[in-house]
Structure formats: C-alpha cells, structure tokens
J.: 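Would you mind keeping the following structure in view while I ask a few things?
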Amino acid sequence: MKNTEEYKLDNPVWNSLSETHADFAIDYNGTQFYNPDYCPFGGFVKTESTLDATNQYSALGESFFIVGEKPEIADSLKIAKELVCLQMIVYNKIQQPITAEIIKLTKEHNDELVDLVNFVQPGYFKNKTSSLGNYFGIFNDNKLVAITGERMKMNDFTEISAIITHPDHTGKGYAKQLITHVVNKIFEENKIPYLHVVESNIGAIALYEKLGFVTRRKISFWNISKN
C-alpha cells in the first residue's frame, strides 16, 4: 500500500536531513548536506541557495553529490558527472529463503566494511557511513564477502544501500539474501524500503525487480568537484 508521504522521496536527502537524520545535517538555509564524514550528499528546496551552499561545502572535501534537481554552482566548481539513477521501491515483505548466516555488523567490522565497499564501489562510502543505519554481512572463511545496509532515513522510509558482493563471491545468491533480510527488517520497523541504482546497471535492476521492487522515478546524482 502506498504511503501518502511518498512525495518526500522526490527529495530524499533534504527530507532525511529534516527528519530522522537531522543530527547529521549541515544547513545552508535552503540547501542541506550530510556531514561529509558520514555521507557526501546534499539536497535543496531553494535553488538560489545552492550557489553559496555548494561553495561552502566544497571546503570540506574534494567531491560531493547533489541529489535531485540540478543545482547552481560557483565558477570554482564543476559538475564532473550526472549519474542518472532509478529510484526503486518495494511495498511488501520479500518471500525468499535465507540459507547463509547473516551477521549484523558492529564497529569492530568497520574497517573491513569500508574496505569492501570502496574496493567494489569507490567514492561514496565514508568512515562513518555505517553510523547512519544498520549494516549486515556474510562472511566466508572469516572474511567479509557481501554486505547490504541502510543509508538515508526518514520517518516513513529507509534507503537500502551498499549492496556489495566481492567479485570472487558473486553468483552465490548473497545479495538476494541480504536484501531480503534488510527489506523485511525495515518493514518490521513500519517503514518502507527504497533504493537507488544507476540506470545502466541492468543486472542489479533485474535482481531488484525479481525481489518485488518497482521503479518509482528517475533521479539524478550530480557529482560536483573543484575545478
């Protein structure tokens, strides 16, 4: 069943930082960013605020993302890339068998978690990203080989993120089982799970659709860096 607040997903960073993740927000009066130690994402409700906001935030790191509409940026910055993503949502628990042992990751696992994400998908995951939500993993011979976790959070929605399997361990159904585990836990918290996936990642999209996700909209991640 659709949630009447679903329009908030059109501006996921802003609404996460205005609700559940307010403690992580840096507010520039119309544009909000996550503290860059946690997540290099920003969103806005006032386009005219993005020029000053992106300029100030750029002092905190080399590269970051605005999620949603295209921002205005200073001459000292450039849009390095526009990543067009599908925003996908699932409305029911997933009925899939889980045969692997899934472990809730703790601070003790953080270095291994950060290393695995940045090995497979560099550029998004920061040292404190795992503080934003729950992260779960599958181990093989005491090595972390697959993970899935939670990133942006609102009152009614939780984003699934870092769906990562080490290349040596793909094809074993780990991602399917981890997504099932995380989705169902989010539903048990009376929230609705959603995720973002680059529109060219056909294999991942097919997996998500098989698990019951549907595409809600396309949304752009504007990668901004210094000139």
J.: Can you see which heavy atom on Asn155 is nearest to which on Thr20, and at what distance?
T.: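 Nearest pair, atom of Asn155 first, then Thr20: N-OG1, 3.4 Å.
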
J.: Val120 and Thr165: which non-hydrogen atoms are nearest, and at how many Å?
T.: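 In this case the closest contact between Val120 and Thr165 is CG2-O, 4.0 Å.
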
J.: If we only count heavy atoms from C-beta on, is the Phe64 to Pro36 side-chain gap below 4.5 Å?
T.: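 Result no, sub-4.5 Å side-chain heavy-atom pair not found.
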
J.: Starting from Ile103, can I reach Leu144 by hopping between I/L/V/M/F/W/Y residues whose side chains sit under 4.5 Å apart?
T.: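 Per the 4.5 Å side-chain linkage, Leu144 and Ile103 are co-clustered.
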
J.: What do the steps show when you test Leu178 against Ile102 for side chain to side chain contact (heavy atoms under 4.5 Å, CB included), and what is the final call?
T.: CA-CA 7 Å; Leu178 281 163; Ile102 294 176; 3.9 Å; yes

J.: List the residues meeting salt bridge (Lys or Arg N to Asp or Glu O under 4.0 Å) with Lys107, not counting sequence neighbours, and say none if there are none.
T.: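 Counting only residues at least two positions away or on another chain, Lys107 forms no salt bridge (Lys or Arg N to Asp or Glu O under 4.0 Å).
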
J.: Kindly indicate whether the side chain of Met154, heavy atoms from C-beta on, has any atom under 4.5 Å from the side chain of Pro12.
T.: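 In contact.
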
J.: Could you check if a side-chain atom of Ile160 sits within less than 4.5 angstrom of a side-chain atom of Val90, using non-hydrogen atoms only?
T.: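 Sidechains of Val90 and Ile160: no contact.
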
J.: What is the distance from atom NZ of Lys176 to atom CD of Gln96, rounded to the nearest 0.5 Å?
T.: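 Taking NZ in Lys176 and CD in Gln96, the distance rounds to 5.0 Å.
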
J.: In Å and rounded to the nearest 0.5 Å, what is the CG to CG distance from Asn190 to Asp156?
T.: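 Between atom CG of Asn190 and atom CG of Asp156 there are 9.5 Å.
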
J.: With no hydrogens and no angle check, just 3.5 Å: does a side-chain donor-acceptor pair link Thr106 and Glu108?
T.: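 Distance-only check passes for Thr106 and Glu108.
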
J.: Please work out whether the ring planes of Phe65 and Tyr124 are parallel, tilted or perpendicular, with thresholds of 30° and 60°.
T.: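 Parallel, since the angle between the ring planes stays under 30°.
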
J.: So, taking the atom named CD in Glu189 and the one named NZ in Lys153, what distance separates them when rounded to the nearest 0.5 Å?
T.: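 Glu189 CD to Lys153 NZ: 5.5 Å, rounded to 0.5 Å.
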
J.: Should Val197 and Cys85 be marked as a side chain to side chain contact (heavy atoms under 4.5 Å, CB included) after you check the CA-CA gap, both sets of side-chain angles, and the distance that decides it?
T.: CA-CA 5 Å; Val197 55; Cys85 293; 6.0 Å; no

J.: Atom CG in Leu195, atom OG1 in Thr148: separation rounded to 0.5 Å?
T.: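 Output value for this atom pair is 10.0 Å.
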
J.: Under 3.5 Å, which donor-acceptor pairs link side chains of residues 69-76 to any protein atom two or more places apart or in another chain?
T.:
none

J.: Using 4.0 Å as the upper bound for N to carboxylate O, is an ion pair formed by Glu188 and Lys93?
T.: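 Glu188 and Lys93: salt-bridged.
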
J.: Assign the ring pair Phe119 / His166 to parallel, tilted or perpendicular, where the plane angle (0 to 90°) is split at 30° and 60°.
T.: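 It falls in the parallel class, under 30°.
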
J.: Which atom pair, heavy atoms only, marks the closest approach of Val13 to Gln32?
T.: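 Smallest heavy-atom distance, with atoms named: CG1-O, 4.3 Å.
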
J.: Going by heavy atoms in the side chains, are Leu116 and Phe125 under 4.5 Å from each other?
T.: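 Leu116 vs Phe125: side chains apart.
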
J.: Do Val145 and Ile147 sit in one hydrophobic cluster, given that two such residues count as connected whenever their side-chain heavy atoms are within less than 4.5 Å of each other, even indirectly?
T.: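 Per the 4.5 Å side-chain linkage, Val145 and Ile147 are not co-clustered.
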
J.: Say you draw a straight line from OG of Ser16 to CZ of Arg151; how long is it, rounded to the nearest 0.5 Å?
T.: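 It comes to 10.0 Å.
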
J.: So Phe33 and Tyr57, would you call those rings parallel, tilted or perpendicular, with 30° and 60° as cut-offs?
T.: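 It falls in the parallel class, under 30°.
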
J.: Can you confirm whether the side chains of Gln87 and Arg217 place a donor and an acceptor under 3.5 Å from each other?
T.: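 No.
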
J.: Give the C-alpha distance, both sets of side-chain angles, the deciding distance and a yes or no for side chain to side chain contact (heavy atoms under 4.5 Å, CB included) between Tyr135 and His109.
T.: CA-CA 10 Å; Tyr135 282 77; His109 301 114; over 6 Å; no

J.: Grouping I, L, V, M, F, W and Y whenever their side-chain heavy atoms are under 4.5 Å apart, do Phe213 and Leu207 come out in a common cluster?
T.: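 Result: yes, single cluster for both.
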
J.: List the atom of Asp168, the atom of Lys172, and the distance in Å for their closest heavy-atom pair.
T.: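 Nearest pair, atom of Asp168 first, then Lys172: O-NZ, 4.3 Å.
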
J.: Closest approach of Tyr34 and Cys39, non-hydrogen atoms and distance?
T.: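 Closest pair (atom of Tyr34, atom of Cys39, distance): CB-O, 3.0 Å.
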
J.: I need the Asn223 CG to Leu83 CG distance, nearest 0.5 Å.
T.: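 Asn223 CG to Leu83 CG: 6.5 Å, rounded to 0.5 Å.
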
J.: Side-chain donor-acceptor pair under 3.5 Å between Asn15 and Glu19, yes or no?
T.: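 Asn15 vs Glu19: no donor-acceptor pair found between side chains.
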
J.: With a 4.5 Å cut-off on side-chain heavy-atom distances among I, L, V, M, F, W and Y, is there a chain of contacts connecting Ile224 to Phe41?
T.: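 No, no single cluster joins them.
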
J.: Might you point out which heavy atoms bring Thr31 and Ser49 nearest each other, and give the distance in Å?
T.: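 Answer, listing the atom of Thr31 first, then Ser49: OG1-OG, 2.7 Å.
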
J.: Would you say NZ of Lys191 has more than 12 non-hydrogen atoms from neighbouring residues, nucleotides or ligands within 6.0 angstrom?
T.: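 Yes, enclosed.
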
J.: Contact between Met152 and His196 at the side-chain level, heavy atoms closer than 4.5 Å - yes or no?
T.: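 Sidechains of His196 and Met152: in contact.
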
J.: I'd like to know if Val117 and Leu132 are part of one continuous hydrophobic network [Ile/Leu/Val/Met/Phe/Trp/Tyr, side-chain heavy atoms within less than 4.5 Å].
T.: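 No, it is not one cluster - the side chains of Leu132 and Val117 are not joined through contacts under 4.5 Å.
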
J.: Can you establish whether the number of heavy atoms outside Glu82 located under 6.0 Å from its atom CD is more than 12?
T.: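 Above 12, so yes.
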
